[in-house]
Amino acid sequence: MEALIRRRHPELGLLLPGEFLPALENGNLIQEVDWWVLETALSQTADWLKQGVRMPVSVNLSARLLQTPDFTDRLRALLKRHGEADLADLLELEILETVALQDFRHISQLMTECEPLGIGFSLDDFGTGYSSLSYLKHLPAKTLKIDQSFVRNLLSNDENHAIVQGVIGLAKAFHRQVVAEGVETVGHGQELLRMGCELGQGYGIAKPMPAEEVIEWVRQWQAPQAWRQEGAG
């Protein structure tokens, strides 16, 4: 699962992140929102564990939060406060590839500091930041998330197909996990499986849902037959 924040506006209704987060990013409020999301994600993960469902959860972090001097200490305290030894294994922190490139040394150091906590990192929107092989080699992120702009046009654009294939190849060469964003149709999933990518997210799998609906969805969902056939092949 990926934690997705929404704002319930009294007049405008449910707002997506792009409609309200930019207004927060120039001040310290965005950091408090980030910590609230992390706290909520951990609480929800612990609740699912109690219900017998071990569900990994990824959380996007803002550039401002990553620049906080005591980030690692606060994260350690947050994990300890929840008292669940294996929650860290289920938490993945997402960092935009462009943010990682802009502050490479700091982000690399931050990832290294968090490794003893058992926290995993992923590079979000991968493929948009003109990353070099040297950069990827020295950044200890376990997951690459292929940007949805490439995946959505995978079936109709040869260049996008080549980019996606290239990212999958990079992930395998550097022993990283790869996730395709923007999996909208059964056809997208089939082609990605043929290309060697077994993990994805998008409306072709499920639309965003409230946390209380997740358990039932997990118990009932089955991959399309076409995906099961590709996976077996």
Side-chain angles (χ1 to χ4, degrees), residues 1-5 17 21 24-46 48-49 54-147 167 170-179 181 199 201:
M1 291 290 166
E2 178 177 349
L4 302 173
I5 190 170
L21 285 185
L24 307 179
E25 290 176 348
N26 292 326
N28 293 329
L29 187 56
I30 188 64
Q31 297 178 26
E32 296 310 310
V33 170
D34 276 342
W35 284 118
W36 177 85
V37 171
L38 273 170
E39 179 92 46
T40 303
L42 283 171
S43 296
Q44 186 59 64
T45 304
W48 285 332
L49 272 176
R54 185 176 175 82
M55 178 65 67
V57 177
S58 60
V59 179
N60 287 280
L61 300 181
S62 69
R64 289 185 66 87
L65 185 71
L66 296 170
Q67 295 165 358
T68 305
D70 61 347
F71 173 81
T72 305
D73 290 337
R74 286 191 63 175
L75 182 59
R76 182 184 295 108
L78 184 62
L79 290 167
K80 185 176 181 180
R81 186 160 66 247
H82 280 270
E84 292 283 350
D86 52 356
L87 278 186
D89 293 337
L90 297 176
L91 179 65
E92 183 173 79
L93 304 182
E94 293 190 13
I95 299 175
L96 286 173
E97 183 192 21
T98 49
V99 171
L101 284 172
Q102 290 167 4
D103 199 1
F104 172 76
R105 289 189 178 181
H106 174 69
I107 297 300
S108 179
Q109 180 181 351
L110 189 68
M111 289 181 178
T112 302
E113 289 177 356
C114 290
E115 277 185 330
L117 302 179
I119 298 293
F121 284 86
S122 66
L123 294 179
D124 198 16
D125 294 352
F126 192 83
T128 60
Y130 308 103
S131 47
S132 70
L133 294 180
S134 175
Y135 142 82
L136 187 57
K137 178 181 177 181
H138 294 289
L139 201 60
K142 71 174 185 179
T143 303
L144 308 181
K145 300 189 75 172
I146 309 173
D147 186 66
V167 174
L170 277 176
K172 289 184 176 180
F174 286 96
H175 306 290
R176 311 295 170 88
Q177 180 173 265
V178 62
V179 178
E181 300 178 311
L199 299 176
Q201 65 182 76

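Heads up: numbering here begins at 1 and tracks the sequence. Computed from heavy atoms alone, side chains included, the values below leave out hydrogens, waters and symmetry copies.
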Where is the tightest heavy-atom contact between [X] and [Y], given as atom of each residue plus distance?
| X | Y | value |
| --- | --- | --- |
| L123 | A100 | CD2-CB, 4.0 Å |
| A3 | V59 | CB-CG2, 4.1 Å |
| H82 | S43 | CE1-OG, 3.0 Å |
| D125 | E181 | OD1-OE1, 3.3 Å |

Step by step, work out the side chain to side chain contact (heavy atoms under 4.5 Å, CB included) result for D103 and L66. CA-CA 10 Å; D103 199 1; L66 296 170; over 6 Å; no

What's the separation between atom [atom1] in [X] and atom [atom2] in [Y], rounded to the nearest 0.5 Å?
| X | Y | atom1 | atom2 | value |
| --- | --- | --- | --- | --- |
| L79 | L87 | CG | CG | 7.0 Å |
| L38 | R74 | CG | CZ | 9.5 Å |
| N60 | D34 | CG | CG | 9.0 Å |
| L78 | W35 | CG | CH2 | 6.5 Å |
| L61 | I107 | CG | CD1 | 9.0 Å |
| L90 | E92 | CG | CD | 11.0 Å |

R54 CZ: over 12 foreign heavy atoms closer than 6.0 Å: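 Atom CZ in R54 is packed in, count exceeds 12.
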
May I have the step-by-step check of side chain to side chain contact (heavy atoms under 4.5 Å, CB included) for L65 and I30, ending in yes or no? CA-CA 8 Å; L65 185 71; I30 188 64; over 6 Å; no

So do the side chains of L91 and L42 get within less than 4.5 Å of each other, counting heavy atoms only? yes

Closer than 3.5 angstrom, by distance alone: can the side chain of T68 be matched with the main-chain N or O of F71 as a donor-acceptor pair? no

Please answer whether the main-chain N or O of A141 pairs with a side-chain N or O of R176 as donor and acceptor at a distance below 3.5 Å.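 Confirmed, R176 side chain pairs with A141 backbone.
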
Check residues 109-118 and write down every donor-acceptor pair under 3.5 Å in which the side-chain atom is one partner and the other belongs to a residue at least two apart or another chain.
{"unit_1": "Q109", "atom_1": "NE2", "unit_2": "E113", "atom_2": "OE2", "d": "3.2"}
{"unit_1": "T112", "atom_1": "OG1", "unit_2": "S108", "atom_2": "O", "d": "3.0"}
{"unit_1": "E113", "atom_1": "OE1", "unit_2": "T72", "atom_2": "OG1", "d": "3.0"}

Salt-bridge test for K145 and E2: reply yes if a basic N is under 4.0 Å from a carboxylate O, no otherwise. yes

Using the rule given for side chain to side chain contact (heavy atoms under 4.5 Å, CB included), can you reason through W36 versus I5, listing the C-alpha separation, both sets of side-chain angles and the distance that settles it, and then say yes or no? CA-CA 10 Å; W36 177 85; I5 190 170; 4.2 Å; yes

